Asks: 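One structure, as structure tokens, below. Some questions next.
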Amino acid sequence: MTTPIPATLIPGDGIGPEIVDATLAALDALGAPFAWDRQIAGLGGVQAAGDPLPQATLDSIRRTRLALKGPLETPSGGGYRSSNVRLREEFQLYANLRPARTLIPGGRFDKIDLLVVRENLEGLYIGHEHYVQIDDDPHAVAMATGINTRAGSRRILEYAFDTAIATGRKKVTLVHKANIMKALTGIFLETGERLYAERYQGKFQLETVIVDACAMKLVLNPWQFDMLVTTNLFGDILSDLVAGLVGGLGMAPGANIGKDAAIFEAVHGSAPDIAGKGIANPVAIMLAAALMLEHVQLPDLARRLREAIDATLNIDQVRTGDLGGKAGTAQFTQALVARIKATA
Ligand code: NAD
């Protein structure tokens, strides 16, 4: 019998519980050996424990060092700080991996296989923001500070370059805006070029592209890219763009990796507009579960999960509304579980 793998489970807000339940059904059908410790965070944390990131949730992840997390709601403007950002900081999850692969052939962007590696802890997301009052307007001026460090840039670039070699990627595109933000993103560019010259030359091709040009090129000809590595804010935006190339946010998984813990999630948010309607697409978080299976060295289960998703979408043609189909979350999950059991 396989040894159980302790893992924290955060169903999350909005559509979170619906898509996480669907994922658990798939993982159960696969016989994945996770021993789940259910915890709360986000709006659910505020409502149940008065804290968007309760201590018990932190303690659980500190113990298991592994989590599957549904989306967590963050109020825009005021309110509490993003629990996602806090989790990344707490566990120093410095690498955010967002793979995008075409799962439904024949669309506008066929045969996409792109990996976005985003720095997850620095840049303009560190939350150093404030307003300056002028006369009677307390919000007359808004200011934000971005911080990128040599060490932080080197750490994510090494991670990206090593991943490129380990996964056989031929080209890495370093995305920056060093023409305007000469210090803030210049340090990332300079560190990447230096690191490549020192240790990685010849192992893959490195190109550097300014973020605005990169966005245009991704839409005109995404096949020219293999893997992107970039700073926090640009990575957040470009990975959503890339998710759009392969059918939208319902298809995009993400992994947050640090030295001591890893948290797997969908790229999308809590989708409050469709929460509770039973129509959410669970594929993104299921693909995150596949990344989690690979992380714990169970690549065969990850492969079976991906193949079952592929067969459900393309052979059975069972698809949720965001993909132009008519299936609800439950119907998709039933078809997927049947596919998984057929390959047991
Ligand atoms: P969102 O990703 O929740 O939704 C954007 C659009 O995509 C909506 O129309 C939604 O219905 C649709 N969508 C998203 N996921 C879908 C799915 N699985 N199936 C079908 N349709 C799907 O983005 P938002 O509306 O900007 O954010 C809502 C909340 O989620 C906010 O509070 C935000 O802070 C939070 N959020 C959390 C995370 C996270 O936990 N990692 C990420 C992004 C946003």
Side-chain angles (χ1 to χ4, degrees), residues 8-23 26 39-47 52-53 57 61 67-91 93 96-98 100 103-104 116 118 120 125 127 232-233 235-244 246-257 262-289 291-292 309 313 318-333 336:
T8 304
L9 183 71
I10 304 172
D13 300 320
I15 59 169
E18 301 164 52
I19 57 174
V20 165
D21 277 354
T23 306
Q39 296 292 341
I40 49 171
L43 190 61
V46 173
Q47 285 163 349
L53 198 51
T57 304
I61 301 173
L68 182 66
K69 187 187 75 58
L72 303 176
E73 211 159 306
T74 312
S76 288
Y80 55 86
R81 198 158 170 251
S82 162
S83 316
N84 294 309
V85 174
R86 282 180 58 203
L87 276 171
R88 288 169 203 156
E89 286 173 359
E90 184 73 29
F91 296 103
L93 307 173
N96 187 201
L97 261 64
R98 293 182 167 184
L103 281 179
I104 298 181
V116 180
R118 160 190 171 194
N120 223 9
Y125 276 29
N232 206 339
L233 171 64
D236 199 7
I237 297 168
L238 289 181
S239 55
D240 268 34
L241 191 163
V242 167
V246 298
L249 286 173
M251 310 295 264
N256 299 284
I257 311 278
I263 300 181
F264 297 83
E265 63 181 349
V267 168
H268 63 71
S270 57
D273 52 335
I274 58 165
K277 294 187 179 162
I279 58 171
N281 181 358
V283 167
I285 192 154
M286 287 178 173
L287 292 172
L291 294 173
M292 184 167 169
I309 292 171
L313 291 171
V318 178
R319 299 175 186 172
T320 45
D322 56 312
L323 302 175
K326 290 197 169 62
T329 316
Q331 195 188 343
F332 177 85
T333 308
L336 177 75

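We number each residue from 1, following the sequence as shown. Everything numeric in this text was worked out from a predicted model, so none of it was measured. Both ligands and their constituent atoms are indexed starting at 1 by order of listing. Computation of the quantities below employed the complete heavy-atom set of this structure, encompassing side-chain atoms and omitting hydrogens, waters and symmetry-equivalent molecules.
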Asks: Considering only the protein, which heavy-atom contact is closest to atom 37 (C) of ligand 1, and what is its distance?
Replies: L72 O, 3.1 Å
Asks: Could you check L287, L336, I285 and say which one makes a side-chain contact (heavy atoms from CB on, under 4.5 Å) with T23?
Replies: I285
Asks: Among L87, I274, D240, which residue places a heavy atom closest to atom 21 (N) of ligand 1?
Replies: I274
Asks: Kindly say whether G235 contributes a backbone atom to a donor-acceptor pair with the side chain of S239 at under 3.5 angstrom?
Replies: yes
Asks: Under 4.0 Å from atom 19 (N) of ligand 1, is there at least one protein heavy atom?
Replies: yes
Asks: Quick check on contacts: which atoms of ligand 1 are under 4.0 angstrom from a heavy atom of E265?
Replies: 41 (N)
Asks: Nearest 0.5 angstrom please: M251 CE to L323 CG, how far?
Replies: 5.0 Å
Asks: Indicate yes or no: does an N/O atom of P71 lie under 3.5 Å from an N/O atom of ligand 1?
Replies: no
Asks: Does N281 reach the main-chain N or O of T329 with its side chain, forming a donor-acceptor pair under 3.5 Å?
Replies: no
Asks: For atom 15 (N) of ligand 1, what is the nearest protein heavy atom, given as residue, atom name and distance?
Replies: H268 CG, 3.2 Å
Asks: Which pair of heavy atoms, one from A266 and one from A288, lies closest together, and at what distance?
Replies: N-CB, 4.4 Å
Asks: Do side-chain atoms of T333 reach the backbone of A22 as a donor and acceptor pair under 3.5 angstrom?
Replies: no
Asks: Could you tell me which non-hydrogen atom of V242 sits nearest to which non-hydrogen atom of A100, and how far apart they are?
Replies: CG1-CB, 3.2 Å
Asks: Considering heavy atoms of the protein only, find what lies nearest to atom 9 (O) of ligand 1 and give residue, atom and distance to 0.1 Å.
Replies: D273 OD2, 2.9 Å
Asks: Going by the side-chain contact (heavy atoms from CB on, under 4.5 Å) test, name the single residue among T320, I15, D322 that passes it with I274.
Replies: I15
Asks: Tell me the nearest of I263, T74, I19 to atom 33 (C) of ligand 1, using heavy-atom distances.
Replies: T74
Asks: What is the nearest protein non-hydrogen atom to atom 30 (O) of ligand 1, stated with its residue, atom name and distance?
Replies: S270 N, 3.0 Å
Asks: Has T57 got a side-chain atom pairing as donor or acceptor with I40's backbone, closer than 3.5 angstrom?
Replies: yes
Asks: Quick check on atom 27 (O) of ligand 1 - does any protein heavy atom sit closer than 4.0 Å to it?
Replies: no
Asks: Please state which protein non-hydrogen atom is closest to atom 39 (C) of ligand 1 and give its distance, to 0.1 Å?
Replies: N84 ND2, 3.1 Å
Asks: Rounded to the nearest 0.5 Å, what's the gap from CZ on F264 to CD1 on I257? Could you check?
Replies: 4.0 Å
Asks: Could you tell me which atoms of ligand 1, counted from 1 in the order shown, lie closer than 4.0 angstrom to a heavy atom of P272?
Replies: 28 (C)
Asks: Would P75 count as being in polar contact with ligand 1, using the rule that some N or O on each side must be under 3.5 angstrom apart?
Replies: no
Asks: Could you work out, for atom 3 (O) of ligand 1, the closest of A271, A243, G248, G254 by heavy-atom distance?
Replies: A271
Asks: Quick check on contacts: which atoms of ligand 1 are under 4.0 angstrom from a heavy atom of K69?
Replies: 40 (O), 41 (N)
Asks: Just need the protein heavy atom nearest to atom 5 (C) of ligand 1, so name the residue and atom and give the distance.
Replies: L249 CD1, 4.2 Å
Asks: Contact between ligand 1 and A284 is defined here as a heavy atom of the residue under 4.0 Å from a ligand atom; is it met?
Replies: no
Asks: Judged by atom type as modelled, is there a donor-acceptor pair below 3.5 Å linking the side chain of N120 to the main-chain atoms of L93?
Replies: yes
Asks: Of all the non-hydrogen atoms in the protein, which one sits nearest to atom 36 (N) of ligand 1, and at what distance?
Replies: G269 CA, 3.4 Å
Asks: Does any N or O atom in E73 lie less than 3.5 angstrom from one in ligand 1, N or O only?
Replies: no
Asks: Measuring to protein heavy atoms, does anything land under 4.0 Å from atom 11 (O) of ligand 1?
Replies: yes
Asks: Quick one: do Y80 and L53 satisfy side-chain contact (heavy atoms from CB on, under 4.5 Å)? Show the steps, please.
Replies: CA-CA 10 Å; Y80 55 86; L53 198 51; over 6 Å; no
Asks: Would I279 count as a contact residue for ligand 1, given that I'm defining contact as a non-hydrogen atom of the residue lying under 4.0 Å from a ligand atom?
Replies: no
Asks: Give yes or no for whether the N/O distance cutoff of 3.5 Å, strictly under, is met between A280 and ligand 1.
Replies: no
Asks: Within a distance of under 4.0 Å, is there any protein heavy atom near atom 44 (C) of ligand 1?
Replies: yes
Asks: Between E90 and R81, does a salt bridge (Lys or Arg N to Asp or Glu O under 4.0 Å) hold up when you go through it step by step?
Replies: CA-CA 13 Å; E90 184 73 29; R81 198 158 170 251; over 6 Å; no
Asks: Could you tell me whether ligand 1 has any atom less than 4.0 Å away from a heavy atom of I15?
Replies: yes
Asks: May I ask you to decide if G254's main-chain N or O and R98's side chain share a donor-acceptor pair within less than 3.5 Å?
Replies: no
